[in-house]
Amino acid sequence: MRDVVIVGAGPTGLWLAAELRLGGAAVVVLEAREERDPHSKALTIHPRTLELFDCRGVLEAFLAEGSRIPNGHFAGLPDRLDFAQLDTPYPFTLALLQARTEELLEARALRSGATIRRGKRVEGLTAEGVTLADGEVVAGRYVVGCDGTRSTVRTAAGIDFPGTDTTTWGSLGDVVLDAPPAGIVTMAGPDGGLMIVPLPGGIHRIVLGDPSTDRPAWPGELTLDELRATVHRIAGTDYGMRDPQWLSRFGNATRQAAQYRKGNVLLAGDAAHMHFPTGGVGMNVGIQDAHNLGWKLAAVVTGRAPESLLDTYHEERHPVGADLLQHTRAQTALMNAAYTAEGQALRAVISALIATAPDMSRQLAERLSGLDVTYATGRRVADQQLPGGRLFELLRTGATVDTEAGTVRADGHLAA
């Protein structure tokens, strides 16, 4: 019997697996896919996640491959958030395909001694662990659902997932552009919203916002002809669009698990919260969920902490998830506002405030970057030089670190 069975080998599950191994837990990760998903939903790694990578000694591989962007956006407003004002060694977002992020995180999990079994679809829970589609029972003292918004683990555990249904749709296409624009392009108006981002390998990602804010029904699979026509309507050109690598739609359904823990079942990442992908924060919050849970669950299964420690996972991370939903809903509303003259005026006023009100810009940047997260038990501690070395380096063992301000937990927050 393993200490922990993790369901889902996305970024959240892979980071959790390595964190549990760092704490001495025996871990198996079960993934329904035979191979990693070649398509990258996420493209952005935010500063707080970069700090966590530094705290575990894996940051350099990401920095070597990603592109550093010194700012972020709020609801696609033209005036961007300047990350230079942030109290972090990494005042930028790192653009890196999720597929590559998963590859790097999987390598870390395997190096740590985690077992990853692909092509293993979980169909339910048992008293011993989980049941696979082929009837095999994989035993584990605890089960963690990192299996996405349609989480089998969450459903089988009977954990409610309340929230709101889809009312508006977005779409994306990874395509070749024979006449691409320079850099990142954003525009919005009565015909819809458009963002174009260059990706590695001569591909561009095109993200579209639908001007209809009352379209609950699934509009059907996205086609290249529809993508081309919509881009041309908004931008006056299709940029020589061809050879789609991936076409997809996504809705603004927004939900959060009522419990992040129910007995020996826990949830993290998209299994615990779903939302419109505004701001590119979803993958980051999932990894940060795993970072909070990993050291706690490892301490419990190895007998170094009482089981009640696991209750603090919900207490600390559920409010973060609720804040995530509020933040993405607010951005979605402001993005949809671009489709009317009144909404354009609202966007212009807020964008000007971001440019001229330093406190507002800084607070939004801290919130987007994940640096503002504070628990009732303690705040995040910034990197600093200590007698024994740099704080983030000292945290790489997974042990606590003493500073003048107090004891820093394994996840980089002050202990209560």
Side-chain angles (χ1 to χ4, degrees), residues 1-22 25-43 58 61 96-159 161 174 221 244-250 257 264-274 282-283 286-287 289-290 293-294 297-298 301:
M1 174 185 287
R2 298 302 206 294
D3 293 319
V4 183
V5 175
I6 298 172
V7 182
T12 300
L14 293 170
W15 188 258
L16 177 60
E19 288 296 288
L20 288 166
R21 289 295 303 135
L22 183 64
V27 181
V28 60
V29 183
L30 305 175
E31 169 56 48
R33 292 178 179 272
E34 296 282 355
E35 304 289 341
R36 278 190 301 274
D37 189 347
H39 305 306
S40 296
K41 295 179 181 179
L43 303 177
V58 298
L96 186 66
L97 293 175
Q98 179 177 331
R100 181 55 178 154
T101 295
E102 288 189 13
E103 189 174 8
L104 292 170
L105 295 182
E106 181 173 323
R108 182 203 175 208
L110 291 172
R111 286 196 307 270
S112 75
T115 299
I116 300 175
R117 299 180 62 190
R118 292 188 172 273
K120 301 299 179 182
R121 182 175 297 279
V122 172
E123 289 205 338
L125 300 174
T126 71
E128 293 78 24
V130 301
T131 303
L132 304 184
D134 61 6
E136 178 187 356
V137 174
V138 180
R141 293 171 57 190
Y142 290 88
V143 176
V144 185
C146 302
D147 50 343
T149 58
R150 297 182 178 88
S151 172
T152 298
V153 173
R154 187 189 64 237
T155 301
I159 297 175
F161 201 41
D174 290 348
E221 298 294 336
Q245 309 296 304
W246 184 34
L247 300 173
S248 182
R249 293 194 198 273
F250 48 90
N264 68 336
V265 176
L266 300 109
L267 304 174
D270 291 347
H273 37 72
M274 70 179 295
M283 179 184 72
I287 291 172
D289 286 345
L293 175 60
L297 186 50
V301 299

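Model, not experiment: these values are computed from the prediction. This chain uses plain numbering: 1 for the first residue, then up along the sequence.
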I'd like to know whether Arg150 forms a side-chain contact (heavy atoms from CB on, under 4.5 Å) with Thr155, so could you lay out the CA-CA distance, the side-chain angles of the two residues, the decisive distance to 0.1 Å, and finally the verdict. CA-CA 8 Å; Arg150 297 182 178 88; Thr155 301; over 6 Å; no

Under the side-chain contact (heavy atoms from CB on, under 4.5 Å) rule, what do Leu16 and Val4 come out as? Steps first, then yes or no, please. CA-CA 10 Å; Leu16 177 60; Val4 183; 5.6 Å; no

Let me see the working for Leu20 and Asp3 under side-chain contact (heavy atoms from CB on, under 4.5 Å), right down to the final yes or no. CA-CA 9 Å; Leu20 288 166; Asp3 293 319; over 6 Å; no

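Open room surrounds CZ on Arg121; 12 or fewer heavy atoms of other groups in view lie less than 6.0 Å from it.
The CD atom of Glu102 sits 8.5 Å away from atom CE of Met283, with the distance rounded to the nearest 0.5 Å. Taken from CG in Asp174 to OG in Ser40, the straight-line distance is 7.5 Å, to the nearest 0.5 Å. Atom CG in Leu96 sits 10.0 Å away from atom CD in Glu103 (nearest 0.5 Å). Here Leu247 contributes atom CG and His39 contributes atom NE2; the two are 9.0 Å apart, rounded to the nearest 0.5 Å. Of the inter-residue distances, the one linking Arg118 atom CZ with Arg33 atom CZ reads 9.0 Å to the nearest 0.5 angstrom. We find the CG-CD distance between Leu105 and Gln98 to be 9.5 Å, quoted to the nearest 0.5 Å.
Side-chain contact check for Arg100 versus Arg36: every heavy-atom pair is 4.5 Å or farther apart. Lys120 is listed as a side-chain neighbour of Asp134, based on a closest heavy-atom distance under 4.5 Å. Between Val122 and Leu132, the closest side-chain pair of non-hydrogen atoms falls below 4.5 Å. Under the 4.5 Å side-chain criterion, counting only non-hydrogen atoms from C-beta, Val265 is in contact with Leu125. Within the 4.5 Å cutoff, the side chain of Glu106 has no heavy atoms near those of the Glu31 side chain.
Each of Arg117, Glu128, Arg2, Met1 was checked for a side chain to side chain contact (heavy atoms under 4.5 Å, CB included) with Val138, and the lone residue meeting it is Arg117. With Val153 as the partner, the side chain to side chain contact (heavy atoms under 4.5 Å, CB included) test is satisfied by one option alone out of Asp147, Val144, Leu266, Ile159: Asp147. With Leu30 as the partner, the side chain to side chain contact (heavy atoms under 4.5 Å, CB included) test is satisfied by one option alone out of Ile6, Val130, Thr115, Ile116: Val130.
When all heavy atoms of Asp270 and Arg154 are compared, the closest pair comes out as O-NH1, 4.4 Å. The two residues Leu14 and Ala9 have their closest heavy-atom pair at CD1-O, 3.4 Å. Of all heavy-atom pairs spanning Ala290 and Thr12, the tightest one is CB-O, 3.5 Å. The two residues Ala17 and Val29 come nearest to each other via the heavy atoms CB-CG2, 3.7 Å. Closest approach of Thr149 and Phe161 over heavy atoms only: O-CE2, 3.7 Å. Annotation for Ile287 and Trp15: closest pair O-CD1, 3.7 Å, computed over non-hydrogen atoms.
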